Amino acid sequence: MNQTETGLNPMQMEAVEHTEGPLLILAGAGSGKTRVLTHRIASLIRDKGVNPWNIMAITFTNKAAGEMRERVDKIVGYGSERIWVSTFHSSCVRILRRHAERLGYANNFAIYDTDDQKSLIKDIMKRLQMDPKLYRDRAIMAAISSAKDEMIEPDQYRIDAGIDWKLQKYAAVYAEYQAELKKNNAMDFDDLLVQTVKLFQQFPEVLDYYQEQFRYIMVDEYQDTNTVQFRFVSLLAAKYRNLCVVGDDDQSIYKFRGANIENILSFEHVFPDAKVIKLEQNYRSTQNILNAANEVIANNQGRKAKRLWTENPEGDLIDLRQFQSGFEEAEYVAGEITRGVRTEGKKYRDYAILYRTNAQSRLFEEKLLLANVPYKIVGGVNFYARREIKDLLAYLRVIENPEDDLAVLRIINVPRRGIGAATINKVQDWEAEQGIRFYDALLEAEYVPGLMRSLNKIKSFTSFLQVLRAKADYLSVKELLNEIIEETGYVADLQAEGTEEAAARIENIDELISKIADYEESAEQPSLGGFLQEVALVSDIDSVDEESDYVLLMTLHSAKGLEFPNVFLAGMEDGIFPSYMTITGDDPSELEEERRLCYVGITRAMQHLTLTCARQRMIRGEVQYNKMSRFVKEIPRELISLERERGEIEDRKPKMDIPTRGSVYAAMKQAFREKPQQAKTFSAQKATKLDYEIGDTVRHIKFGVGIVTDIVDGGRDYEVTVNFDQAGTKKMFASFAKLKKL
DNA sequence: CTCTTGAAGGTTTTT
DNA sequence: CCTTCAAGAG
């Protein structure tokens with residue numbers, strides 16, 4: 001490969017060609033590191049004759065993994081499916097599925113999410129008779145998680161706790177928690193890493209097998225690896241030492257999750273023979289944006305010296321707008337997007353709105369809805385964490401892994417079977433006495449004293465599960481779920497409820513069904529276990545689809561690794577960003593982490609960056625007055641445009657900042673709500689036929705009743721003009737407006 | 001045992 | 001604001 005053929009600059013070339021031995025690539029934002037990684041993999045296969053299956057690449061999201069595989073495929077044309085490209089968690093699961101029994105787990109172990117962890121911790125706290133006022137479950141979960149990140153086992157934790165009675169108590173919960181997980185044949189997220197490393201440490205032959213397999217290892221976003229992940233990688237790479245890590249210390253933003261910035265800062269100490277390559281040319285952003293980012297991050301101490309530069313034009317100034325309230329802020333953003341799309345030929349997907357906390361998405365959602373702008377919110381409540389989804393998944397989990405007592409407990413009385421807390425307590429007491437598993441106790445419920453009428457209910461529950469389990473042998477996952485829905489009457493109950501909320505839940509269930517269908521179509525060997533695993537490890541960002549035309553809303557954390565032509569950084573206020581916690585806390589390194597987050601945010605923008613803030617804002621039902629973020633003040637004045645309004649702005653009536661009434665807003669959201677799958681509808685298929693035409697009277701969920709005055713076939717979608725009785729004339733896309741003919 | 005109601009308490013960021 | 005938890009009636 002030569003430079004002209006690949007379009008790589010000399011530094012990038014060097015990174016691609018340096019394949020033997022440890023390599024640290026310090027890749028600034030937008031410096032083309034993904035290109036380097038893909039070309040490096042391609043070059044290994046094509047030019048150096050390395051077998052695809054001898055390569056492992058760790059990416060930050062499943063989506064990034066898929067894209068990398070695709071790009072390699074384009075360059076090389078074969079073998080990409082044999083490369084291990086995946087996240088840390090997925091790689092570990094894949095390894096553990098084959099060897100978990102060596103660690104005392106069955107290979108079909110369940111994966112517990114944060115919710116599951118929490119219920120388990122609560123259970124244990126109750127059992128240990130701990131006062132929930134004195135001990136916070138969140139704190140305990142965090143403590144256990146960080147212990148695992150550092151590979152500290154319960155015994156060690158207890159020793160380290162010394163005479164601190166509180167930590168001693170934590171240690172007790174930790175030990176019990178770990179025992180319980182094992183008993184349930186389950187692992188939490190952290191365990192996936194920890195157990196894999198344990199596997200490698202305890203079984204040298206297993207380690208050796210994988211060392212032989214993964215002769216070339218690459219890790220993306222290395223600045224955000226934690227200690228276990230570092231151990232995992234270094235163990236695997238210990239034999240052939242072909243370890244290439246790519247990262248940017250300025251973009252380390254996951255300290256709260258155990259990310260250890262030392263991993264990147266001291267890579268050269270751990271691997272003294274490491275080659276270090278810096279990629280400092282930015283191909284993404286304009287001069288002005290890059291300068292702003294450079295100035296902000298320069299305020300941090302203890303970073304590797306570097307300065308990004310670009311050959312890109314200077315570009316627009318950075319817009320800074322301060323508003324009276326969060327409502328006005330959101331309105332402005334929605335308006336700017338509408339304007340850009342209407343007058344500048346921009347696409348909705350050219351825009352992203354980034355904020356510090358998920359809670360900030362609300363206002364934007366509301367205003368975008370009003371402005372008829374298609375959007376998608378990334379993050380927030382995970383789809384698979386919704387109650388109805390977790391309930392149904394719990395059935396599937398119990399079928400797959402009979403030892404998952406936590407899942408059994410979740411569904412034993414869902415839907416209502418008349419098996420209440422009193423009954424469950426009796427069974428649990430007896431179970432503890434006998435030293436058996438909860439589910440096994442249910443099977444032998446006739447021996448449990450004092451059950452009375454509940455006994456029959458338990459019997460019918462367990463026999464229902466047994467039947468399902470038998471059917472699992474020949475039914476597909478989809479059929480199985482239908483069976484569950486049918487037999488439990490889960491959807492029927494919701495239908496009977498007849499509320500908005502119930503309807504939304506049913507919609508979610510429908511979506512779950514189609515997700516299963518998708519899975520069964522696309523997976524090589526679809527199985528119940530495979531589906532549950534996939535579900536446990538997806539993140540919301542994985543479902544973002546570049547083809548679809550919508551504005552993306554997400555936290556700064558979720559935006560890592562992405563880029564957009566136009567970025568709004570919202571809520572630039574002290575107390576929001578940087579967050580209240582870091583300002584009041586006394587750890588200056590936390591402020592630096594926030595600053596890195598700001599750096600990440602700024603560098604997402606390719607052409608245009610807008611910073612917004614509000615003088616006053618409703619937080620938790622209270623009005624807060626915030627100063628403009630200190631980060632904004634770190635940007636040189638000459639890079640900023642304060643121009644109040646641009647172009648003519650229609651004379652606005654004085655705004656009443658009254659939030660849309662909850663019910664109306666909820667209803668609109670409902671009508672509009674964006675399911676990942678519906679997302680495709682926007683771009684791929686317009687409504688094939690409209691059930692109304694010019695002259696018809698229609699109803700819009702927000703604007704009320706009106707008459708259709710025009711319908712234009714815009715190719716992708718119909719653009720409908722409606723003259724509303726109340727709201728005046730509006731143009732809107734048919735697939736969004738959800739107009740109902742009257 | 002279930003459902004309703006009211007009060008209290010709590011918020012970064014996520015695989 | 002929104003979720004979670006406890007208490008009390010049916």
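The structure displayed is predicted, hence computed values, not measured ones. So you know, we letter chains A, B, ... as the sequences are listed, proteins then strands, and number each from 1.
A:K515 forms a cation-pi arrangement with A:F383, by the criterion of a distance under 6.0 Å to the ring centre and an angle within 45° of the ring axis.
Under a 3.5 Å cut-off, the side chain of A:K426 and the backbone N or O of A:G450 do form a donor-acceptor pair. With hydrogens and angles ignored, the 3.5 Å screen pairs a side-chain donor or acceptor of A:S629 with a backbone N or O of A:F577. Looking only at distances, no side-chain donor or acceptor of A:D220 sits under 3.5 Å from a matching main-chain atom of A:T59.
Each of A:T582 and A:R416 has a nearest nucleotide on DNA chain B; the 5'-most of these lies closest to A:R416. Taking for each of A:G418 and A:L597 the nucleotide of DNA chain B with the nearest heavy atom, the 5'-most of the two is the partner of A:G418.
Ring geometry for A:F189 against A:H89 counts as perpendicular: the plane angle is over 60°, on a 0 to 90° scale with 30° as the lower cut.
Between the C1' atom of B:dT14 and the NZ atom of A:K118 lies a distance of 15 Å, rounded to the nearest Å. Atom-to-atom, CD1 of A:I121 to C1' of C:dT4 comes out at 18 Å; the value is rounded to the nearest Å. Distance CD1 (A:I541) to P (B:dT14): 10 Å, rounded to an integer number of Å. Between the CG atom of A:L455 and the P atom of B:dC1 there is a distance of 14 Å, given to the nearest Å. Computed from coordinates, the A:D131 CG to C:dC5 C1' distance equals 14 Å when rounded to whole Å. Rounded to whole Å, atom P of C:dC1 lies 11 Å from atom CD of A:E622. The separation between A:F60 atom CZ and B:dT13 atom C1' is 11 Å, rounded to whole Å. Distance A:N62 CG to B:dT14 C1': 13 Å, rounded to the nearest Å.
Using a 4.0 Å heavy-atom distance criterion, A:R136 is classed as a sugar-phosphate-only contact. A:E594 comes within 4.0 angstrom of a nucleotide base, judged by non-hydrogen atoms across all strands. Across all strands shown, A:S90 has no heavy atoms under 4.0 Å from either base or sugar-phosphate atoms. Here A:K122 lies in heavy-atom contact (under 4.0 Å) with sugar-phosphate atoms only. Contact annotation for A:Y254: backbone-only contact, meaning every heavy-atom pair under 4.0 Å involves sugar-phosphate atoms and none involves a base. Nucleic acid contact class of A:N413 (heavy atoms, under 4.0 Å, all strands): sugar-phosphate only. Across all strands, A:A422 comes closer than 4.0 Å only to sugar-phosphate atoms, never to a base (heavy-atom distances).
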> Can you list the steps and then say if A:Q223 with A:E221 is a side chain to side chain donor-acceptor pair (under 3.5 Å)?
Replying inline: CA-CA 5 Å; A:Q223 76 280 357; A:E221 306 285 5; 2.9 Å; yes
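Within the structure, a side-chain polar atom (N or O) of A:S539 is placed less than 4.0 Å from OP1 or OP2 of B:dT15. Within the structure, a side-chain polar atom (N or O) of A:N358 is placed less than 4.0 Å from OP1 or OP2 of B:dT13. The shortest distance between the side-chain N/O atoms of A:R417 and the OP1/OP2 oxygens of B:dC1 is not below 4.0 Å. Phosphate proximity of B:dT12 to A:K255: absent, as no side-chain N or O sits under 4.0 Å from OP1 or OP2. The shortest distance between the side-chain N/O atoms of A:T114 and the OP1/OP2 oxygens of B:dT14 is not below 4.0 Å. The phosphate of C:dC2 has OP1 or OP2 within less than 4.0 Å of a side-chain N or O from A:R362. Checking the phosphate oxygens (OP1, OP2) of B:dT14, a side-chain nitrogen or oxygen of A:S558 falls inside 4.0 Å.
Checked by distance alone, A:R356 brings a side-chain donor or acceptor within 3.5 Å of a matching partner on the base of B:dT13.
The separation of C:dC5 from B:dT12, taken at their C1' atoms, amounts to 24 Å, rounded to a whole angstrom.
Using a 5.5 Å limit on the distance between ring centres and a 30° limit on the angle between planes, the aromatic ring of A:F256 counts as stacked on the six-membered base ring of B:dT13.
Under the side-chain contact (heavy atoms from CB on, under 4.5 Å) rule, A:D191 has a single partner from A:K198, A:K182, A:Q178, which is A:Q178.
Taking every side-chain heavy atom of A:F189 into account, B:dT15 is the closest of B:dC1, B:dT15, B:dT2. Nearest nucleotide to the side chain of A:T357, out of B:dC3, B:dC1, B:dT12: B:dT12.
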